[in-house]
K.L.:
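Please see the structure below; I have some questions.
Note that the coordinates shown come from a computational prediction; the quantities given were computed from them, not determined experimentally.
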Amino acid sequence: MKRRLAVLTCLLAALGLWLYFSVLPYCRNVAALDENPDGFVDSMIFMFVKSRTTWLNGTIGTLQVSVLGTIIGFLLSIPLVFQRVNVPGRRDTCSLRFLKNAGCGLARLYIAVIRGTPMMVQACIVYYTGFAVARALMRGASLTEVNQAWSFFAAGLITVSMNSAAYLAEVLRGGINSLDRGQMEACESLGFTRWQAMTKVIFPQAVRNSLPSIGNELVNNIKGTSVLTAIGFVELMFATGTVAGFYYKYLAAYCIAAIIYLILTLSLTGLLNFTMKKIGVSAE
C-alpha cells in the first residue's frame with residue numbers, strides 16, 4: 001500500500017512539473033495572440049482564456065441551480081412520498097380514507113406529469129407563466145422591469161426543483177418499499193402510531209439507502225440544467241453559445257463545455273462517493 005502511494009505521489013509530482021513548465025507556458029503564449037488561431041487545440045485555449053469570465057459565470061449558474069434545485073426538490077419530495085405510501089387503514093374513517101386516496105392520487109398525477117414531460121418544456125411553461133402573471137400584476141411596467149421581478153434564475157430554480165421532487169419521490173418510495181415490512185409491524189406492536197413509525201424508523205432508513213440515487217440526481221441536474229438555455233438563463237450552455245457565436249468556432253467551444261461538464265460531474269461523483277464511504281453507505 002505504501003509503495004503504491006509513493007508511486008502515485010511521484011506520478012502526480014511529475015504531472016504537476018510537466019504542466020507547470022511545459023503546458024502552462026504554451027497556454028500563455030497562445031492566449032497572448034491578437035487573433036483566434038486556426039489550430040483546433042490552440043483555438044480552444046485562446047477562447048477559454050479570453051472568455052474565462054463568461055465560462056465562469058455559466059459554471060456558477062449551473063452549480064447554483066443544480067445544487068439548490070436538488071436540495072429544494074428533496075424537501076418537496078418528502079410530502080410527496082408520504083402521500084404516495086400513506087394508504088388507508090382499516091381503522092380510518094370514510095372521510096380520512098377519502099383524503100388519503102385523494103392525496104395519493106394527486107401525488108401520483110404530479111409525478112406522472114413531471115416525469116412524462118421534458119424539462120425544457122417545463123422550463124418554458126414555468127417561465128412564460130410567471131412572466132405573464134408578473135406582467136399582469138405590474139401593469140404599465142416595461143419588459144425590463146418585469147424581467148427584474150420575474151428572473152430567469154427563479155424560473156430555472158423552480159423548474160429544477162419541481163423536476164427533482166418528482167424523481168426523488170419515486171427514489172424514496174423505492175427505498176421505503178425495499179425495507180422489511182416487519183419493521184412497521186414491530187413499531188405498531190411497540191405502540192408507535194403510523195406517523196411515528198414512518199418519521200422515526202422507516203423514513204430515516206429509506207433516506208440512508210437512497211443516498212446514492214440522490215447523489216446521482218444531483219449529478220444529472222448538473223447536466224440537465226443545460227436545457228435552461230431555452231429561456232435565456234445564464235448557465236454553462238448559454239455561455240458556450242455566447243462564446244461560440246462571438247468567435248464562430250462552434251466545435252471548439254462545445255468541446256470546452258464538454259470538458260467543463262466532465263470535470264464537474266467527475267469531481268462531484270468522487271466527492272459523493274468519498275462522503276458516502278465515510279458514513280458507511282455503499283455507493284454502488
Side-chain angles (χ1 to χ4, degrees), residues 58-86 103-130 133 150-178 198-199 202-238 261 264-265 267-269 271-273 275-276 279 281 283:
T59 303
I60 292 175
T62 294
L63 290 175
Q64 285 179 336
V65 171
S66 57
V67 173
L68 290 177
T70 304
I71 295 174
I72 297 174
F74 174 75
L75 297 177
L76 294 176
S77 69
I78 296 176
L80 279 176
V81 71
F82 277 143
Q83 291 294 333
R84 287 285 281 116
V85 301
N86 192 20
C104 181
L106 291 175
R108 294 180 63 179
L109 176 63
Y110 173 83
I111 293 172
V113 170
I114 295 297
R115 296 182 67 185
T117 55
M119 189 159 67
M120 180 181 290
V121 177
Q122 298 167 14
C124 293
I125 292 174
V126 169
Y127 172 71
Y128 289 111
T129 300
V133 172
W150 176 245
S151 63
F152 298 119
F153 176 79
L157 182 60
I158 291 173
T159 302
V160 176
S161 300
M162 291 172 53
N163 199 272
S164 295
Y167 282 93
L168 291 179
E170 288 300 286
V171 167
L172 293 176
R173 186 174 71 90
I176 291 174
N177 292 337
S178 66
M198 284 295 300
T199 56
I202 304 298
F203 190 71
Q205 295 183 73
V207 172
R208 181 181 176 86
N209 295 338
S210 302
L211 282 178
S213 298
I214 296 173
N216 289 335
E217 178 65 18
L218 175 57
V219 174
N220 289 333
N221 280 338
I222 289 180
K223 298 177 291 184
T225 51
S226 60
V227 302
L228 297 180
T229 188
I231 62 174
F233 175 67
V234 180
E235 41 74 50
L236 189 51
M237 279 302 295
F238 186 90
Y261 275 119
L264 291 177
T265 54
S267 301
L268 186 58
T269 300
L271 179 61
L272 291 172
N273 290 339
T275 303
M276 286 185 283
I279 62 177
V281 177

K.L.:
Quick one: closest heavy-atom pair of Ser77 and Ala165, and the distance?
P.N.:
CB-O, 3.5 Å

K.L.:
Main chain of Ser226, side chain of Thr229: is a donor-acceptor contact present, judged purely on distance under 3.5 Å?
P.N.:
no

K.L.:
Can you see which heavy atom on Ala155 is nearest to which on Val126, and at what distance?
P.N.:
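For Ala155 and Val126, the tightest heavy-atom pair comes out as O-CG1, 3.8 Å.
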
K.L.:
By salt bridge (Lys or Arg N to Asp or Glu O under 4.0 Å), which residues pair with Arg108, not counting sequence neighbours?
P.N.:
none

K.L.:
If we only count heavy atoms from C-beta on, is the Gln83 to Tyr110 side-chain gap below 4.5 Å?
P.N.:
no

K.L.:
Quick one: do Leu271 and Ser267 satisfy side-chain contact (heavy atoms from CB on, under 4.5 Å)? Show the steps, please.
P.N.:
CA-CA 6 Å; Leu271 179 61; Ser267 301; over 6 Å; no

K.L.:
Which pairs with one or both residues in residues 169-178 pass salt bridge (Lys or Arg N to Asp or Glu O under 4.0 Å), sequence neighbours excluded?
P.N.:
Arg84-Glu170, Arg115-Glu170, Glu170-Arg173

K.L.:
Rounded to the nearest 0.5 Å, what's the gap from CD1 on Ile158 to CE on Met162? Could you check?
P.N.:
8.0 Å

K.L.:
Within the 4.5 Å heavy-atom criterion, are Ile231 and Thr159 side-chain neighbours or not?
P.N.:
no

K.L.:
Find out whether Ile114 and Gln122 are in side-chain contact, i.e. whether some heavy atom of one side chain is under 4.5 Å from a heavy atom of the other.
P.N.:
yes

K.L.:
Mind checking the CG-CD1 spacing from Leu80 to Ile111? Nearest 0.5 Å is all I need.
P.N.:
5.5 Å

K.L.:
Can you tell me how far CG of Leu272 sits from CG of Leu211, rounded to the nearest 0.5 angstrom?
P.N.:
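One finds 9.5 Å between CG of Leu211 and CG of Leu272.
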
K.L.:
Mind checking the OG1-CZ spacing from Thr62 to Phe238? Nearest 0.5 Å is all I need.
P.N.:
12.0 Å

K.L.:
Enumerate the salt bridge (Lys or Arg N to Asp or Glu O under 4.0 Å) contacts for residues 64-78, please, sequence neighbours excluded, ordered by first and then second residue.
P.N.:
none

K.L.:
Report the distance from atom CE of Met119 to atom CG of Asn220, rounding to the nearest 0.5 Å.
P.N.:
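Going from the CE atom of Met119 to the CG atom of Asn220 covers 9.5 Å.
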
K.L.:
Report the relative orientation of the aromatic rings in Phe233 and Phe153; use parallel for angles under 30°, tilted for 30 to 60°, perpendicular for over 60°.
P.N.:
tilted

K.L.:
Are any side-chain N or O atoms of Ser210 and backbone N or O atoms of Ser213, one a donor and one an acceptor, separated by less than 3.5 Å?
P.N.:
no

K.L.:
OG1/Thr59 to CD/Glu235 distance, rounded to the nearest 0.5 angstrom?
P.N.:
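Reported value, rounded in 0.5 Å steps: 9.5 Å.
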
K.L.:
Got a sec, which residues hit side chain to side chain contact (heavy atoms under 4.5 Å, CB included) with Val121, two or more places apart in sequence or on another chain?
P.N.:
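Residues passing side chain to side chain contact (heavy atoms under 4.5 Å, CB included) with Val121: Pro118, Ile125.
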
K.L.:
Determine all donor-acceptor pairs shorter than 3.5 Å in which one atom belongs to a side chain in residues 67-75; sequence neighbours excluded.
P.N.:
residue	atom	partner	partner atom	Å
Thr70	OG1	Ser66	O	2.6
Thr70	OG1	Asn221	ND2	2.8

K.L.:
Taking only residues two or more places apart in sequence or in another chain, which ones pass ring pair (Phe, Tyr, Trp, His ring centres under 6.0 Å) with Tyr167?
P.N.:
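Here no residue qualifies.
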
